[in-house]
There are 2 protein chains.
Amino acid sequence: MTKPPVGSDQRTGGTLSRRERVREATLAEIKEIARRHLVEFGVAGVSLRAIAREMGMTAPGLYRYVPGIDALLVAITADMYEELADVVAEADAGMPAEDTDGRILASLRAFRYWAITHRAEFSVMFGPRTRLDPDADITRALEAGRRFGSTFFTLFDRLVTEERFPLPADEDLPESLRRELRSFTGTIGFTSPDITEGAAMVLTTCWVRLYGVVCMEVFQHLNFVVGDMEPLFESELQNMTKDLGVRYSPPLRVAGVQGSS
Amino acid sequence: MTKPPVGSDQRTGGTLSRRERVREATLAEIKEIARRHLVEFGVAGVSLRAIAREMGMTAPGLYRYVPGIDALLVAITADMYEELADVVAEADAGMPAEDTDGRILASLRAFRYWAITHRAEFSVMFGPRTRLDPDADITRALEAGRRFGSTFFTLFDRLVTEERFPLPADEDLPESLRRELRSFTGTIGFTSPDITEGAAMVLTTCWVRLYGVVCMEVFQHLNFVVGDMEPLFESELQNMTKDLGVRYSPPLRVAGVQGSS
DNA sequence: CGCTTAAGTGAACACCGTTAGCAAACACTG
DNA sequence: CAGTGTTTGCTAACGGTGTTCACTTAAGCG
């Protein structure tokens with residue numbers, strides 16, 4: 001009885017035995033249904049019994065594939081990070097490689113658009129860590145999260161090397177902040193020599209602003225006061241890009257932005 | 001059989017009959033235990049049966065006081081908004097009335113400090129609306145939220161009248177954004193004639209930044225990368241106050257900030 | 001004091017996660 | 001092909017949850 005790892009086990013050589021293939025398919029079906037229940041009923045509405053019912057089997061059977069409900073949620077969270085990373089990377093790749101400004105705008109807008117069209121998913125990814133075992137294995141989710149961030153980091157790196165905006169001098173930052181920023185650049189695996197503490201500081205500030213405006217829109221904490229948050233987002237985007245020395249251009253009008261998840 | 005409203009019913013005249021008094025006390029006990037379970041086990045760990053057990057009664061009995069678990073959560077959420085509003089207002093009142101700069105800094109820091117020392121509460125208040133009936137009666141929570149915001153609005157109003165910072169001209173803002181901002185100032189009950197759309201814009205931007213940095217700290221989405229978020233918060237505070245024409249001054253060192261809820 | 005009404009209980013229903021033991025299907029080896 | 005070990009899924013069961021209903025008890029009021 002081998003412990004069921006919840007991630008997709010990459011078989012050496014890529015050849016999967018018949019058994020492994022059907023196993024992968026079942027696991028994929030479980031996660032697909034879980035994901036669907038997540039968007040339909042919210043995170044509290046994801047249950048092993050309901051998934052099993054829909055699959056025509058019983059709940060204990062799922063334990064052959066997943067060690068428990070918490071691990072399943074962590075697993076689909078990791079999947080969602082990868083999906084988001086793909087979406088952002090695609091938006092980035094959809095612009096001409098030299099057009100750093102356009103790539104940045106496209107990436108950031110892709111992030112927001114994915115967020116507001118995937119509210120439930122965004123909530124479990126970027127909201128409070130409710131209902132997740134503190135000792136759950138979230139390494140895969142963290143890894144996907146890192147990959148998601150790397151798209152932005154790379155673009156930011158280009159801005160720094162192109163000297164688009166004035167960097168705050170490291171000496172101007174308080175020592176406590178500099179220490180945190182150093183650990184930041186270290187963990188991120190950012191090897192560019194141009195990433196000074198000042199640059200890390202700017203990057204973090206931008207991320208906080210983006211995170212704030214998107215969270216506010218998804219969590220609807222201004223919805224009693226602001227109906228359509230898009231103008232506000234674009235305005236924030238404009239502010240941010242101005243600070244980064246990026247040329248802002250308004251978005252192409254896309255039909256059907258109002259789609260509620 | 002009267003429907004049990006979950007909020008504290010203010011009796012006309014303030015005189016409560018004995019029956020009403022003990023009823024209020026029981027309701028208060030229910031909410032007190034619910035709150036304790038919330039901080040101890042998270043929002044998923046709040047259950048009517050557990051509360052009843054601790055009170056020495058059975059779960060159905062609680063239905064005399066509360067229409068259901070969701071309504072109970074909404075009720076304590078409203079309480080928490082009021083508590084947070086009090087805390088911020090106290091911090092504000094703790095500074096000399098003329099010292100607008102100090103009052104603002106104190107209020108913002110009080111907000112963050114309450115947030116990081118009340119993670120569970122903050123999560124249900126400002127996180128995604130998980131586990132809350134869409135049709136639940138959240139008017140009391142909204143009202144308390146409004147009162148919470150008003151402290152900041154009032155201080156901001158002073159900054160505007162004192163002309164601390166240059167206001168963006170209304171004409172520079174796109175029409176779609178202006179419309180949202182108008183609805184904002186309207187809903188907020190902000191009657192000051194100085195609150196132009198540009199001013200509302202600056203206020204909103206600041207709130208988004210504050211919300212972002214505090215959410216990020218409480219939800220711990222940078223914790224694999226930044227240990228102590230306080231320097232980052234102070235840095236953001238410095239940036240924000242600079243834009244507002246507020247004189248920044250570093251915080252007084254408080255012992256025991258590290259206290260984990 | 002008697003009557004009305006509120007408070008609380010027990011049983012029941014329908015869910016949930018999770019464990020243990022068992023039977024059938026499967027894959028593989030001699 | 002037969003035999004064997006593994007994988008898969010089931011049933012039963014335990015303890016937990018929210019919620020409804022019928023009922024008894026207790027308190028307050030006229």
Side-chain angles (χ1 to χ4, degrees), chain A residues 1-6 9 11 15-30 33-34 37-38 40-75 130-133 135-136, chain B residues 1-6 9 11 15-30 33-34 37-38 40-75 130-133 135-136:
Chain A
M1 175 148 154
T2 52
K3 276 272 182 307
V6 78
D9 238 344
R11 191 65 180 148
T15 51
L16 295 174
S17 75
R18 163 175 171 74
R19 233 193 167 99
E20 287 164 322
R21 255 184 301 132
V22 56
R23 189 170 216 288
E24 282 310 296
T26 308
L27 180 57
E29 186 184 359
I30 292 173
I33 298 177
H37 287 193
L38 170 65
E40 198 159 351
F41 311 112
V43 64
V46 181
S47 84
L48 291 179
R49 292 191 119 110
I51 295 171
R53 210 177 303 133
E54 188 165 329
M55 293 177 69
M57 54 187 289
T58 60
L62 296 186
Y63 279 75
R64 301 285 167 183
Y65 299 90
V66 155
I69 182 67
D70 290 320
L72 174 57
L73 287 175
V74 172
T130 282
R131 199 185 174 182
L132 257 58
D133 261 353
D135 57 348
Chain B
M1 176 145 152
T2 52
K3 276 271 183 306
V6 77
D9 238 342
R11 192 65 180 147
T15 50
L16 296 174
S17 75
R18 163 172 172 74
R19 232 192 165 96
E20 288 165 321
R21 257 184 301 131
V22 57
R23 190 172 213 288
E24 282 308 297
T26 308
L27 180 57
E29 186 184 359
I30 292 173
I33 298 177
H37 288 191
L38 169 65
E40 198 159 351
F41 311 112
V43 63
V46 180
S47 85
L48 290 179
R49 290 193 121 108
I51 294 171
R53 211 177 302 134
E54 188 166 327
M55 293 177 68
M57 57 186 286
T58 60
L62 296 186
Y63 280 76
R64 301 284 169 186
Y65 299 91
V66 157
I69 182 68
D70 290 320
L72 174 56
L73 287 175
V74 172
T130 282
R131 200 184 173 181
L132 258 59
D133 261 353
D135 57 348

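A note on names: the letters A, B, ... follow the listed sequences, proteins ahead of strands, and every chain is numbered from 1.
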*Strictly below 4.0 Å, heavy-atom distances to any atom of DNA chain C: list the hits from residues 52-62 of chain B, or just say none.*
B:Gly56, B:Met57, B:Thr58, B:Pro60, B:Gly61
Please tabulate, for the side chains in residues 44-53 of chain A, all donor-acceptor contacts under 3.5 angstrom to protein atoms that are two or more places apart in sequence or on a different chain.
{"residue": "A:Ser47", "atom": "OG", "partner": "A:Ala50", "partner atom": "N", "Å": "3.0"}

*Would you work out how much the helix from C:dC1-D:dG30 to C:dG30-D:dC1 bends between its ends, with each end axis defined by five base pairs, to 10 degrees?*
10°
*Would you kindly give the CG-to-C1' distance between A:Leu73 and C:dT18, to the nearest whole Å?*
15 Å
*To the nearest angstrom, how far is A:Glu24 atom CD from D:dT8 atom P?*
11 Å
*Of the nucleotides D:dT20, D:dC23, C:dG17, which one has an atom closest to the side chain of B:Arg64?*
D:dC23
*Are B:Val43 and B:Thr130 close enough, and set up right, to give a side-chain contact (heavy atoms from CB on, under 4.5 Å), and what steps lead you there?*
CA-CA 10 Å; B:Val43 63; B:Thr130 282; 5.9 Å; no
*asked:* Rounded to whole Å, please give me the gap between CD1 in B:Ile69 and P in D:dG16.
replied: 17 Å
*With respect to the phosphate group of D:dG9, does any side-chain polar atom (N or O) of A:Tyr65 fall under 4.0 Å of OP1 or OP2?*
yes
_Gap between atom CG of B:Leu62 and atom CG of B:Leu27 - 0.5 Å precision_ = 10.0 Å
*Flag side-chain contact, heavy atom, 4.5 Å: A:Arg64 against A:Thr26*: no
_Near-strand residues of residues 40-51 of chain A, defined as heavy-atom separation under 4.0 angstrom from DNA chain D_ = A:Arg49
*Whole angstrom is fine here: how far is it from CD1 in A:Ile30 over to P in C:dG17?*
13 Å
*Atom CD of B:Glu20 to atom C1' of D:dA27: distance rounded to whole Å?*
14 Å
*Listed by chain and number, what are the side chain to side chain donor-acceptor pair (under 3.5 Å) partners of A:Glu54, not counting sequence neighbours?*
A:Arg36, A:His37
For nucleotides 25-30 of chain C, print each protein N/O atom paired with a nucleotide N/O atom at under 3.5 Å, atom names and distance only.
{"residue": "C:dA27", "atom": "OP1", "partner": "A:Arg18", "partner atom": "NE", "Å": "3.3"}
{"residue": "C:dA27", "atom": "O4'", "partner": "A:Arg19", "partner atom": "NH1", "Å": "3.1"}

*Distance, rounded to the nearest Å, where B:Tyr63 contributes OH and C:dC13 contributes C1'*: 13 Å
